[in-house]
Amino acid sequence: MDVSDLLNSLNSAQREAVCVSPGHHALILAGAGSGKTRVLVHRIAWLIRTGAASPYGVLAVTFTNKAANEMRGRIEELLAMPASGMWVGTFHGIAHRLLRAHYQEAGLPQGFQILDSDDQYRLIRRVLRELDLDEKQWPPRQMQGFINRHKDRGERPDQIKVHQGDLFQDVALKVYRRYEEICRRRGAVDFAELLLRAYELFLSRREVLEHYQRRFSHILIDEFQDTNTIQYAWIKLLAGDRGELFAVGDDDQSIYGWRGAQIENIHQYQRDYANVELIRLEQNYRSTGNILNAANALIAKNADRLGKNLWTEYGEGELIKLYGAFNELEEARYVVEQIEGWIAEGHARSEVAILYRSNAQSRVLEEALLYRSIPYRIYGGMRFFERAEIKDALAYLRLSMNRDDDPSFERVVNTPPRGIGARTVDNIRELARDRGISLWRAAEELIASKGLTARAANAVDSFIQLVEQMAGDVQGSSDVDMSLNDEGGQMDLHEQIDHIVQLSNLIEHFKKEKGERGQARIENLEELVSAGRQFEFEEEEGIDELGAFLAHAALEAGERQAGEGEDGVQMMTLHSAKGLEFPLVFLVGLEEGLFPHQMSLDEPGRLEEERRLCYVGMTRARERLVISYAEVRRLYGQEKYTRPSRFVSEIPAEFIDEVRIRGQVSQPLYRVPEEEQSHEFSLGQRLFHAKFGEGTLLDFEGSGAQARVQVKFDRAGTKWLVLAYAKLERIG
DNA sequence: CCTCAGCTGTTTTTT
DNA sequence: ACAGCTGAGG
């Protein structure tokens with residue numbers, strides 16, 4: 001079969017990667033902008049076109065749904081046929097699919113539910129309450145972290161090594177145990193559990209494992225540097241002796257160590273398999289030379305790299321602009337001014353990205369853009385299916401399908417408020433626990449046995465009636481699993497959702513919420529109905545349409561809220577920028593303590609991750625890169641004098657064009673020894689005495705004029721006494 | 001059930 | 001600074 005058309009468009013390293021011969025595993029170190037997805041997609045097409053694999057034998061795993069969708073789309077485009085039969089998905093999506101198909105072997109109920117992080121958090125809080133643990137002393141977040149950390153490492157409670165006398169561990173373990181028990185009883189599975197269960201399924205059911213080992217002759221992994229322990233263990237198991245692995249990643253872009261990613265897996269992989277072909281993709285098709293070389297120089301400061309030097313055929317391009325702003329407002333002002341210049345050159349706003357270390361930084365920038373009427377999109381914040389109103393509606397839906405769904409019961413029993421207070425719910429919970437029945441059943445019993453005050457009983461009964469009515473309407477009166485609409489035909493998913501939203505009175509409830517928030521919630525509920533309409537259900541083993549929709553809601557929480565459609569400047573954290581590229585990139589807030597973040601300063605490993613993050617940010621830029629920092633930043637309500645990020649000085653000066661601060665702000669006067677508390681100096685004919693006030697701010701007094709003097713740090717970290725003209729005030 | 005004062009935490013985020 | 005939550009009181 002002639003595959004030259006597949007290979008023609010590739011450079012030699014890419015071609016080598018695509019054509020790795022049978023019997024070999026591959027590790028493709030794909031630098032930023034080197035055509036990583038391209039290689040992955042061409043590899044799959046090549047495998048299929050040469051007959052090395054059938055679509056049925058290919059498994060491609062990614063981390064995000066976005067990456068998975070993009071990959072599938074590009075494969076289909078390249079092969080000019082649907083990639084059906086091929087498994088392309090996220091680790092979680094694929095684990096979910098396996099567990100659905102083998103729910104019995106995995107010890108799960110058929111319609112097991114997926115808990116998202118919020119569901120998990122709520123459940124953990126419930127466990128804490130049940131175990132009489134004080135949330136102040138045992139923060140649910142930490143318990144959640146503990147549980148997930150261990151699951152990510154494949155550890156069940158019994159496998160955790162207990163340190164003698166570690167109270168936190170003791171308690172956390174107890175919580176983990178109880179949490180697991182409840183999940184098992186409810187048939188609920190959290191994100192980490194999906195992976196762990198899929199792994200254990202393979203371990204305990206040889207026949208299942210062997211089936212998939214036979215099936216998947218080729219396993220391709222995207223963003224390999226981001227895999228955690230359990231993901232890699234699962235891959236190894238699945239590959240077995242014969243499966244061929246094709247791992248693509250970049251150790252320099254590993255920025256998720258804090259959530260369990262093991263960069264180590266890249267090294268381990270080469271140790272685990274004898275015949276791993278290591279191929280480096282070093283030609284960059286994204287950025288101009290100066291940007292790339294600057295990024296190379298920065299990342300070279302990290303120890304422990306597999307090593308790689310990106311190069312480009314593009315010219316040097318522009319120098320990186322560096323701007324030291326007076327404060328964060330002025331920084332934002334500068335950024336906006338630059339954007340206006342860019343737009344004036346005839347570019348689109350969406351070609352511009354502002355990247356920052358933490359979300360809190362977005363506000364000031366947003367205000368500056370707003371002030372100049374520049375449309376923007378912010379990535380981040382709540383996602384569609386994570387929103388409270390959406391989860392409320394889904395809880396009604398769940399409950400009407402399964403009355404014993406306790407978390408859903410708890411969620412909506414008094415939403416909208418119908419007079420069922422905490423007291424009443426406590427009573428219900430207590431009975432449920434004592435008798436080992438669901439909250440629903442307990443509620444029914446309490447009404448029957450007159451275990452509630454008349455008022456409470458009434459309220460609970462109205463809730464029960466409401467859900468029964470929903471269930472009856474949606475499912476039709478018969479026991480047959482058939483939902484009927486007004487015409488007596490089957491109710492579609494979106495009709496069911498719509499019906500439940502209407503009956504629940506959620507819309508009326510949110511109308512009362514003040515501000516635009518209630519309106520937004522109502523719109524989201526409407527959006528949920530259309531999400532139901534658009535949902536494409538593919539017949540699959542072990543799941544019905546509603547179940548598939550609910551799983552979809554958990555696994556693909558939907559787009560991040562962002563100003564849609566319009567051509568706008570893109571704003572996001574450095575983390576969410578990974579994988580993207582923009583002609584013009586602003587990297588703002590390069591200050592010690594902010595970026596690198598304070599929390600990562602004490603550990604060399606974490607500092608290196610910050611440096612990689614900076615590297616990721618820089619390599620997002622195609623044509624123009626602007627780096628900025630503020631000398632004064634208001635953070636957490638306090639003004640802080642900052643020094644420029646070490647990353648700024650790690651970029652060789654030859655790539656940088658330091659933009660002068662125009663006139664108004666600062667001028668170095670004296671170099672100040674670190675330990676000096678006051679300073680005497682002359683300015684013009686006057687002698688001044690400046691002494692340190694609070695922190696590093698100097699109060700400066702002179703006769704006839706009053707000015708302020710500050711301590712600032714230059715790029716090299718040298719401390720200077722600086723006259724802040726901006727603050728100069730003349731008296732008399 | 002609602003409101004308001006007081007307290008707390010505040011890196012990054014997918015699934 | 002400030003959002004989000006809790007607990008007290010109306």
Side-chain angles (χ1 to χ4, degrees), chain A residues 61-68 89-97 114-120 125 135-136 139-142 145 148 151-152 189-196 198 222-223 226-228 230-231 254-261 328 355-364 379-383 385-386 388 414-424 455 459 509 512-514 517 551-560 572-579 589 593-601 606 609-610 612-614 616-617 633-640:
Chain A
V61 241
T62 64
F63 277 84
T64 65
N65 291 299
K66 200 171 154 198
T90 62
F91 275 100
H92 292 85
I94 284 164
H96 175 240
R97 189 166 175 179
I114 300 171
L115 300 181
D116 68 18
S117 334
D118 181 62
D119 301 331
Q120 183 186 40
R125 287 184 67 182
E135 280 190 21
K136 297 256 157 60
R141 287 267 166 241
Q142 282 182 33
N148 289 335
K151 285 192 178 189
D152 284 346
V189 170
D190 61 44
F191 289 133
E193 184 78 19
L194 282 171
L195 302 174
L196 183 49
D222 188 22
E223 305 277 17
D226 288 339
T227 50
N228 65 28
I230 194 80
Q231 285 160 338
S254 162
I255 55 175
Y256 286 112
W258 51 274
R259 65 178 200 213
E328 77 278 8
L355 310 181
Y356 35 78
R357 175 68 240 261
S358 68
N359 285 309
Q361 288 168 256
S362 70
R363 258 242 314 250
V364 180
Y379 292 80
M382 271 287 173
R383 301 160 97 224
F385 285 104
E386 286 170 350
N414 197 35
T415 311
R418 54 174 67 82
I420 301 174
R423 227 22 233 271
T424 310
R455 206 158 100 178
H509 170 59
K512 286 184 215 131
E513 213 170 335
K514 51 177 173 280
R517 210 147 122 189
H552 164 84
L555 287 174
E556 297 190 38
E559 279 293 298
R560 296 256 165 200
M572 66 194 84
T573 62
L574 287 152
H575 283 89
S576 23
K578 190 163 84 150
L594 186 62
F595 188 31
H597 198 274
Q598 197 64 42
M599 318 235 86
S600 48
L601 291 181
R606 303 190 61 184
E609 183 156 311
E610 295 282 304
R612 291 193 291 269
L613 193 54
C614 186
V616 166
R633 183 172 295 269
R634 183 173 276 276
L635 199 62
Y636 301 143
Q638 231 147 23
E639 280 203 335
K640 279 255 167 41

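Note that the structure is predicted; figures quoted are calculated from it, not measured. Order of the sequence lines fixes the chain letters, A, B, ..., with proteins taken first and strands second; residue numbering starts at 1 for each chain. Heavy atoms only: backbone and side chains are in, while hydrogens, waters and symmetry mates are out.
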*Pick base, sugar-phosphate or nothing for A:Arg125, based on heavy-atom distances below 4.0 Å to the nucleic acid.*
sugar-phosphate
*Going by modelled atom types, is there a donor-acceptor pair between the base of B:dT15 and the side chain of A:Thr64 at under 3.5 Å?*
no
*Minimum heavy-atom separation for A:Glu610 to A:Pro596, with atom names?*
OE1-CA, 3.3 Å
*When all nucleic acid strands are considered with a 4.0 Å heavy-atom cut-off, which category describes A:Ser576: base, sugar-phosphate, or nothing?*
sugar-phosphate
*Closest to side chain of A:His597, choosing from B:dT11, B:dT12, B:dT15*: B:dT11
*Look only at the side chain of A:Asn414 and the backbone of A:Ile420, and say whether a donor-acceptor pair between them is shorter than 3.5 Å.*
yes
*Between atom OH in A:Tyr379 and atom C1' in B:dT13, what is the gap in whole Å?*
16 Å
*Using a heavy-atom cut-off of under 4.0 Å over every strand shown, decide if A:Gly421 touches base, sugar-phosphate, or nothing.*
nothing
*So what does A:Asp190 hit on the nucleic acid, given a heavy-atom distance under 4.0 Å: a base, only sugar-phosphate, or nothing?*
nothing
*Classify the nucleic acid contact of A:Asn359 as base, sugar-phosphate or nothing, counting any heavy atom under 4.0 Å across all strands shown.*
sugar-phosphate
*Touch check for A:Asn414, heavy atoms < 4.0 angstrom, all strands: base, sugar-phosphate only, or nothing?*
sugar-phosphate
*Taking the side chain of A:Trp258 as its heavy atoms from C-beta onward, which of B:dT15, B:dT13, B:dT11 lies nearest to it?*
B:dT13
*Round to the nearest Å and state the distance from A:Asp116 atom CG to B:dT15 atom P.*
12 Å
*Side chain of A:Arg383 - closest among B:dT15, C:dA1, B:dT11*: B:dT15
*Is A:Arg612 reaching over with its side chain to a backbone N or O of A:Ser254, donor-acceptor style, under 3.5 angstrom?*
yes
*Is a side-chain donor or acceptor of A:Asn148 paired with a backbone partner of A:Gly145 at a separation under 3.5 angstrom?*
no
*Indicate, with a heavy-atom threshold strictly under 4.0 Å, whether A:Arg363 touches base, sugar-phosphate, or nothing.*
sugar-phosphate
_Value in whole Å for how far the P atom of B:dG9 lies from CD of A:Glu135_ = 12 Å
*Is the side chain of A:Gln361 donor-acceptor paired with the backbone N or O of A:Arg357 at a distance under 3.5 Å, no angle test?*
yes
*asked:* At 4.0 Å (heavy atoms only), tell me whether A:Phe63 reaches a base, stays on the sugar-phosphate, or touches nothing.
replied: sugar-phosphate
*So does A:Arg606 reach the base of B:dT11 with its side chain, donor to acceptor, closer than 3.5 Å?*
yes
